[in-house]
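This report concerns only the one structure given below.
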Amino acid sequence: MRNLMFASVCLLSTALVGCQQQPPANDQLDAVLWTQTSIEHELIYRQVFASATRQLDAALADPTWDALPLPPRNLAGLPPAVVVDIDETVLDNVPLNARDIINNQVYSYDRWNTWVDQAKAQALPGAVAFLQAADKKGITVYYITNREHSQVQATVDNLRLRGFPVQRNEQVLAASTPTGHCEQAGYGKNCRRQWVAAHARVLMLAGDALGDFVQAEHNTLADQRKAAEPYLAWLGQRWFLLPNPTYGNWYSAPYGDQEKLPFERKRQLKQQALPLEN
């Protein structure tokens, strides 16, 4: 009621200075609106996956082709593979964010876990066609995800429901997986990528975050640029990066990943992080 009264006063008086309702703590409205309703979002996904599909034959034909950020290694005899992230790369979870906005709720791990268990996420544009094309060429698809290890079966079910090629559950490498002794690596993906590297020649990586390709030393823009710099020529050739304006390391970087800070303080720190000049 108080918010409605405040809004009414603002509408009735243009003379009031600073009479503007602040966005709520979960102010992802514009990001989610763009993700769910813009033709640009859909076309970017189709463009990226179409470009990746066109690269498959060239990658297969070159026995030295390797998309992993590792020192040069012996690739002889290794079968081909592609590695993709899942969330906001091949499966769309943004309807969950939309519900939170409509209901004026902040993010909830309980609601996320329920969503994963329901296997309701839809395929993102172009993703199924790309991975099916890879599969038909004898290329194994590995899904490296930061979903929990206990959610692998629900994730496999969701992927199969949408038509993604998954022959074995072992193709889904979740956070803290015992595969490759990666339990202690937690949400970092380097250990899981290295396990795939021991079993395959990775032709391409696709994801919506830098951590899907290489790990920066710290969650700062300077360190992220440093980590990406040696591989810039691989963008659009071996690495295929997709947009995600709804969440990611960038979202919490301004407040140093201190999730327990008050929402007002988080927003203040985000505003302070905005550069006013180039």
Side-chain angles (χ1 to χ4, degrees), residues 42-92 119 121-145 147 152-153 155-174 177 179-180 189-190 192-209 211-214 231-243:
E42 177 181 338
L43 294 182
I44 287 170
Y45 272 74
R46 293 191 183 281
Q47 172 182 272
V48 168
F49 284 123
S51 296
T53 302
R54 287 193 292 269
Q55 288 289 98
L56 287 172
D57 288 337
L60 274 172
D62 183 350
T64 67
W65 188 295
D66 190 15
L68 289 178
L70 296 170
R73 59 199 183 96
N74 183 8
L75 302 173
L78 291 177
V82 296
V83 172
V84 296
D85 173 54
I86 292 180
D87 298 313
E88 280 46 77
T89 297
V90 299
L91 287 181
D92 179 8
Q122 299 295 314
L124 282 156
V128 172
F130 165 56
L131 294 181
Q132 285 183 346
D135 183 63
K136 289 176 182 177
K137 294 177 184 293
I139 302 170
T140 301
V141 181
Y142 288 97
Y143 304 84
I144 296 184
T145 175
R147 294 183 175 200
V152 166
Q153 186 58 60
T155 301
V156 169
D157 292 343
N158 199 161
L159 290 167
R160 286 175 173 162
L161 280 171
R162 305 302 164 228
F164 290 102
V166 190
Q167 286 75 35
R168 309 179 313 279
N169 283 17
E170 290 74 21
Q171 289 171 246
V172 175
L173 299 169
T177 180
T179 303
K189 293 187 174 182
N190 276 345
R192 285 170 280 169
R193 279 194 290 264
Q194 290 169 357
W195 180 85
V196 175
H199 296 82
R201 177 168 70 95
V202 177
L203 307 183
M204 297 175 192
L205 300 173
D208 67 313
D212 296 326
F213 304 86
V214 65
Y231 309 103
L232 294 181
W234 288 7
L235 291 171
Q237 183 190 56
R238 305 182 191 199
W239 289 7
F240 295 87
L241 182 61
L242 295 150

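Residues passing the side-chain contact (heavy atoms from CB on, under 4.5 Å) test with Val48 are Ile44, Phe240, Leu242, sequence neighbours excluded. Taking the side-chain contact (heavy atoms from CB on, under 4.5 Å) definition, one finds that Arg73 meets it with Asp66, Leu68, Leu70, Leu75, Leu78, Ala197, sequence neighbours left out. With sequence neighbours excluded, the residues satisfying side chain to side chain donor-acceptor pair (under 3.5 Å) with Asp212 are Lys189. Residues meeting the ring pair (Phe, Tyr, Trp, His ring centres under 6.0 Å) test with Trp239, sequence neighbours left out: Phe213, Tyr231, Trp234. Residues passing the ring pair (Phe, Tyr, Trp, His ring centres under 6.0 Å) test with Tyr143, sequence neighbours excluded: none. Applying the side chain to side chain donor-acceptor pair (under 3.5 Å) test to Thr53 and every residue at least two apart in sequence or in another chain returns nothing. With sequence neighbours left out, Phe49 forms a ring pair (Phe, Tyr, Trp, His ring centres under 6.0 Å) with Phe130. Asn74 pairs by the side chain to side chain donor-acceptor pair (under 3.5 Å) definition with nothing, not counting sequence neighbours. Remark: Thr155 pairs with Arg147 by the side chain to side chain donor-acceptor pair (under 3.5 Å) rule, at least two apart or across chains.
Closest of all the heavy-atom pairs between Val166 and Val156 is CG1-CG1, 4.1 Å. When all heavy atoms are compared, the tightest approach of Met204 to Ala59 is CE-CB, 4.4 Å. Heavy-atom minimum distance, Ala209 versus Leu241: N-CD1, 3.9 Å. Heavy atoms only, all atoms of each residue included: Asn169 and Val152 are closest at O-CG1, 4.0 Å. Across Ala200 and Ala81, no two heavy atoms sit closer than the pair CB-CB, 3.6 Å. Scanning all heavy atoms of the two residues, the minimum distance from Trp195 to Gly180 falls at CD1-CA, 3.4 Å.
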Worksheet item: Could you go step by step and tell me if Val196 and Val202 meet the side chain to side chain contact (heavy atoms under 4.5 Å, CB included) rule?
Response: CA-CA 8 Å; Val196 175; Val202 177; 3.7 Å; yes

Worksheet entry | Steps toward side chain to side chain contact (heavy atoms under 4.5 Å, CB included) verdict (Ile139, Leu56) | CA-CA 9 Å; Ile139 302 170; Leu56 287 172; 3.8 Å; yes

Item to complete: Let me see the working for Ile144 and Val84 under side chain to side chain contact (heavy atoms under 4.5 Å, CB included), right down to the final yes or no.
Response: CA-CA 6 Å; Ile144 296 184; Val84 296; over 6 Å; no

Practice prompt. Determine, step by step, whether Tyr45 and Leu43 satisfy the side chain to side chain contact (heavy atoms under 4.5 Å, CB included) criterion, reporting the C-alpha distance in whole Å, the side-chain angles of both residues, the deciding distance to 0.1 Å, and the verdict.
Written response: CA-CA 5 Å; Tyr45 272 74; Leu43 294 182; over 6 Å; no

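Between the side chain of Gln171 and the main chain of Arg168, a donor-acceptor pair closer than 3.5 Å is present. Within the 3.5 Å criterion, the main-chain N or O of Asp92 finds no donor-acceptor partner in the side chain of Gln122. For the pair Asn158 (side chain) and Ala121 (backbone), a donor-acceptor distance under 3.5 Å is present. Judged by distance alone, the side chain of Arg160 and the main-chain N or O of Pro165 form no donor-acceptor pair under 3.5 Å. Looking only at distances, no side-chain donor or acceptor of Ser51 sits under 3.5 Å from a matching main-chain atom of Gly236. With hydrogens and angles disregarded, a donor-acceptor distance shorter than 3.5 Å links the side chain of Gln132 to the backbone of Gly163.
Each of Val128, Leu124, Leu131 was evaluated against Val90; a single residue qualifies, Leu131, per the side-chain contact (heavy atoms from CB on, under 4.5 Å) test.
Contact of the Thr145 side chain with the Leu173 side chain is not registered, since no non-hydrogen atoms from C-beta on lie closer than 4.5 Å.
Put simply, CD on Glu170 and NE2 on His199 are 11.0 Å apart, with the number rounded to the nearest 0.5 Å.
Sequence neighbours left out, the pairs with a member in residues 128-140 that pass salt bridge (charged side-chain N to carboxylate O under 4.0 Å, His left out) are Asp57-Lys137. For the salt bridge (charged side-chain N to carboxylate O under 4.0 Å, His left out) condition, no pair includes a residue of residues 192-207, sequence neighbours left out. Applying the salt bridge (charged side-chain N to carboxylate O under 4.0 Å, His left out) definition to pairs two or more places apart or across chains, those involving residues 42-51 are Glu42-Arg46.
With 3.5 Å as the limit, one finds a donor-acceptor pair spanning the side chains of Asp157 and Gln153.
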